Amino acid sequence: MKNIEYKSILPKRQVHLDFHTSPLIDGIGENFDGETFADTLKKADVESITIFAKCHHGYCYYPTKVGTMHPGLKFDLTGAMIEACHKYGLRAPVYITAGRSILDIERHPEYLAKNKDGSYKNNLYQDIHNDDEPIPEGAWQHLCMSNPHYLKEIYDITEEVCQRYEMLDGLFYDICFVGGPCYCDECIKGMKERGLDPENDEDAQKYYDDTHYEFMIKIRQILDKNNPDATLFFNSGGANIYAPHILPYETHYEIEDLPTAWGGYDKMALNAKYFENTDSFYMGMTGKFHTDWGEFGGFKTKEALKAEAASMAMYGAAISVGDQMHPDGALDKETYENIGYAFSYYKKLEEFSFGGKNMANIGLYLSSNRNANTGVSNILLENQLDFCIVKDGNFHQFDLVIFPDGVVLNDEEVDKLNEYINSGKKVIISGHSLIKDNRFQIDTGLEFVSEPTFDKDYILMMNPSENIPKTPFLIYNPGNIVRSIDADILAECVPPYFSRTYGHYCSHRNTPYDKDATRYPAMTKKGNIVYMANDIATSYKNAGCVFHKNYFIKALEILGFEPTVETNMYSQGRVSLIRQPHKNRYVLNLLYVSPVKRGKYEIIEDICPIYDIDVKINVNEKITKLYDGLTNEEIPYDIHKGYITFKVDKLHCHKVIVAEY
């Protein structure tokens, strides 16, 4: 099944409205007023709002014949929201819960998803002895999305919603890919009927995948029969860059990331860079909450939402902000003042954010090692080195390609990579990447000797920069043992006396390095290839040691790499350069905000300006005008060695700079 192209028509400023409402609460929607609802959204510059048909409590918000209407609701709230939105030209796709439904569990406990040992997935109820015991946040149990009886209930709800609302804009299904294979009675029965062995993990995963594909296909068929132009998205995995097999079943991608609570403020960038290669519409989804979904009365500051909006715009993503409506059906005024503040700024950025091509000349090849990918992404972002994701062996569009730990190429990709290297382009490899059957897949000038033999390593740089220690410094991930054949050794691994165990340990944490131990290569160079024996990126992702980041960046310097954009911004600065050929211009985004950890949460409070930023950009065309995209103020510039150089006197949060040619 191919994606349906909605890129030209989907709105760019959206709200995702939750409404998970307990049956213990009465008066549901009693203060809902369609005119007020739509007017609140319009004043906040909202173009689309995902509303609800069925929530995690298992109740529907319209008169239903196949589900159960919320006992405290007396009218068609779903329909009233759709009608109000359409009257004012707003889209209103409809939310249907999938993997969570308390009412369905109460009526059919056999629908619960099980682990291989027979326990229930996410069973936060198992030790509860009475109804007065406090319940943890997010204490939902998971239903089996492979159970044919439960799936029929979802299909019936879908059919009913599609037929009831003729002008349906789209459907959004939640909690669709959680927890991996299920081992409930129906799944075990289903596996056996298909000739699969429930005891075999690969067979169980295949059944899980196949039944989920069948679910998505069936939903699309129902939608096409009734509302062929409607959008479709499956959340909780539907925008997972590590699950490309799911993506073809969706019309667009909603990248869910509440940076205050999970993922942080740099998660969005890596995900957006993956989806910019899909030629489909994608949006970032944050929340208005201080913490996480379902927080009533919790707020981000309006400046934090504005900064998030700017970040999404600079990566070519639409914006969606999550909210949860009060049970009485009235939107919170303060929430939409904050959202409106962010959306009004985002609206100004739209002409500079879409219809362009990212001009980054660094390619990141995604590994199965997610921590390594995140670590490389963080290192590059913090050094204002923009990048794109390598897709389908498209190495030649980059000047440098980075292979984080754990990448193994197929034969066709190896041939393409060798052609790329022979053309003079540059490569960085770390850890176990490009090693297959204990041999390097390309000529690195090295022989693979063995896996790491100690729990940690120390690295001694031969000619360190000022920002790298001159004595051995600790790396939390040990390096492969390699031997140089004809590669230059730029740094050495200095082993500890021994790995830290109950039988052998020294002091509080790690064993000190052994000055007399045999050393082995840590960083090497052959031609335009740098290899690092340690998985530096994962070490940086987990520990955040600045010296690990500097060590990684040293590899780029050794290769003589010149990025498309260079600045002297601090580590929290972010850059993005796109080319909009239809407007004969380049657009440079500069963003600077400093999230801080407060309690468990990463927040943006103070947005402080920075000054005297030097910028260099390397473009092919002759630039005729450089100016601030939002104020039209011209910026003086020089051309030096092919680079356009200029100074930004002051940056307060975000700036768009346009270079016309």
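These numbers come from the heavy atoms of this one structure, side chains and all, not from hydrogens, waters or symmetry mates. If you're wondering where the values come from, they're calculated on a predicted model, not measured in any experiment.
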Colleague: Answer yes or no: does atom NZ of K647 have more than 12 heavy-atom neighbours from other residues, nucleotides or ligands under 6.0 Å?
Modeller: yes

Colleague: Any salt bridge between D488 and K526, counting N to O under 4.0 Å?
Modeller: no

Colleague: Give a yes or no on whether a salt bridge exists between E412 and K416, defined as a side-chain N under 4.0 angstrom from a carboxylate O.
Modeller: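 Result for this pair is yes, salt bridge flagged.
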
Colleague: Are D386 and R574 ion-paired here, with the side-chain N under 4.0 Å from a carboxylate O?
Modeller: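 No, D386 and R574 are not salt-bridged.
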
Colleague: Has H504 got more than 12 heavy atoms of other residues, nucleotides or ligands less than 6.0 Å from its NE2?
Modeller: no

Colleague: What are the two closest non-hydrogen atoms of L364 and F387, and how far apart are they?
Modeller: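 Reported closest heavy-atom pair: CD2-CE1, 3.8 Å.
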
Colleague: Counting only heavy atoms from other residues, nucleotides and ligands, does the tally under 6.0 Å from CG of D411 exceed 12?
Modeller: no

Colleague: Evaluate the ring planes of F233 and H252, with Trp represented by its six-membered ring, and classify them as parallel (under 30°), tilted (30 to 60°) or perpendicular (over 60°).
Modeller: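 Ring orientation of F233 relative to H252: tilted.
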
Colleague: Taking 4.0 angstrom as the limit, do E621 and R579 come out as a salt bridge?
Modeller: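 So E621 pairs with R579 through a salt bridge.
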
Colleague: Could you tell me which residues satisfy side chain to side chain donor-acceptor pair (under 3.5 Å) with Y365, sequence neighbours excluded, listed by chain and number?
Modeller: E413

Colleague: Report the C-alpha separation of Y458 and Y513 in whole Å, then their side-chain angles, then the decisive distance to 0.1 Å, and conclude whether the ring pair (Phe, Tyr, Trp, His ring centres under 6.0 Å) test is met.
Modeller: CA-CA 7 Å; Y458 297 83; Y513 58 87; 5.1 Å; yes

Colleague: Among residues at least two apart in sequence or on other chains, which ones pass salt bridge (Lys or Arg N to Asp or Glu O under 4.0 Å) with K525?
Modeller: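 If we apply the salt bridge (Lys or Arg N to Asp or Glu O under 4.0 Å) test to K525, skipping adjacent residues, there are no hits.
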
Colleague: Are D455 and R500 close enough for a salt bridge, meaning some N to O gap below 4.0 Å?
Modeller: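 Between R500 and D455 there is no salt bridge, as every charged N stays at least 4.0 Å from the carboxylate O atoms.
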
Colleague: I would like to know whether E602 and K597 meet salt bridge (charged side-chain N to carboxylate O under 4.0 Å, His left out); could you show each step before the answer?
Modeller: CA-CA 4 Å; E602 189 173 324; K597 199 76 176 286; over 6 Å; no

Colleague: Does the plane of the ring in F395 sit parallel, tilted or perpendicular to the ring in Y420? Use 30° and 60° as the thresholds.
Modeller: tilted

Colleague: Is the count of non-hydrogen atoms from other residues, nucleotides or ligands lying under 6.0 Å from Y242 atom OH greater than 12?
Modeller: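 Atom OH in Y242 is packed in, count exceeds 12.
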
Colleague: Could you walk me through whether E605 and R598 pass salt bridge (charged side-chain N to carboxylate O under 4.0 Å, His left out), step by step?
Modeller: CA-CA 10 Å; E605 180 179 7; R598 299 273 174 78; 2.7 Å; yes

Colleague: Does the plane of the ring in F354 sit parallel, tilted or perpendicular to the ring in Y346? Use 30° and 60° as the thresholds.
Modeller: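 Geometry flag for Y346 against F354: perpendicular rings.
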
Colleague: Kindly check if the number of other-residue, nucleotide or ligand heavy atoms within 6.0 Å of CZ (F498) is above 12?
Modeller: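 For F498, atom CZ is crowded (more than 12 foreign heavy atoms under 6.0 Å).
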
Colleague: Would you say that more than 12 heavy atoms from the other residues, nucleotides or ligands in this model lie under 6.0 Å from the NZ of K116, or not?
Modeller: yes

Colleague: When you look at CD of E557, are more than 12 heavy atoms from neighbouring residues, nucleotides or ligands closer to it than 6.0 Å?
Modeller: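 Yes, because the 6.0 Å sphere around CD of E557 holds more than 12 heavy atoms from other groups.
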
Colleague: Regarding Q572 and S594, do their side chains bring together a donor and an acceptor under 3.5 Å, going by distance alone?
Modeller: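 S594 and Q572 do not have a side-chain donor-acceptor pair below 3.5 Å.
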
Colleague: Apply side-chain contact (heavy atoms from CB on, under 4.5 Å) to N271 and Y315, showing your working.
Modeller: CA-CA 10 Å; N271 283 275; Y315 296 123; over 6 Å; no

Colleague: One pair to check against side-chain contact (heavy atoms from CB on, under 4.5 Å): I529 and I429. What are the steps and the verdict?
Modeller: CA-CA 8 Å; I529 303 170; I429 308 165; 3.9 Å; yes

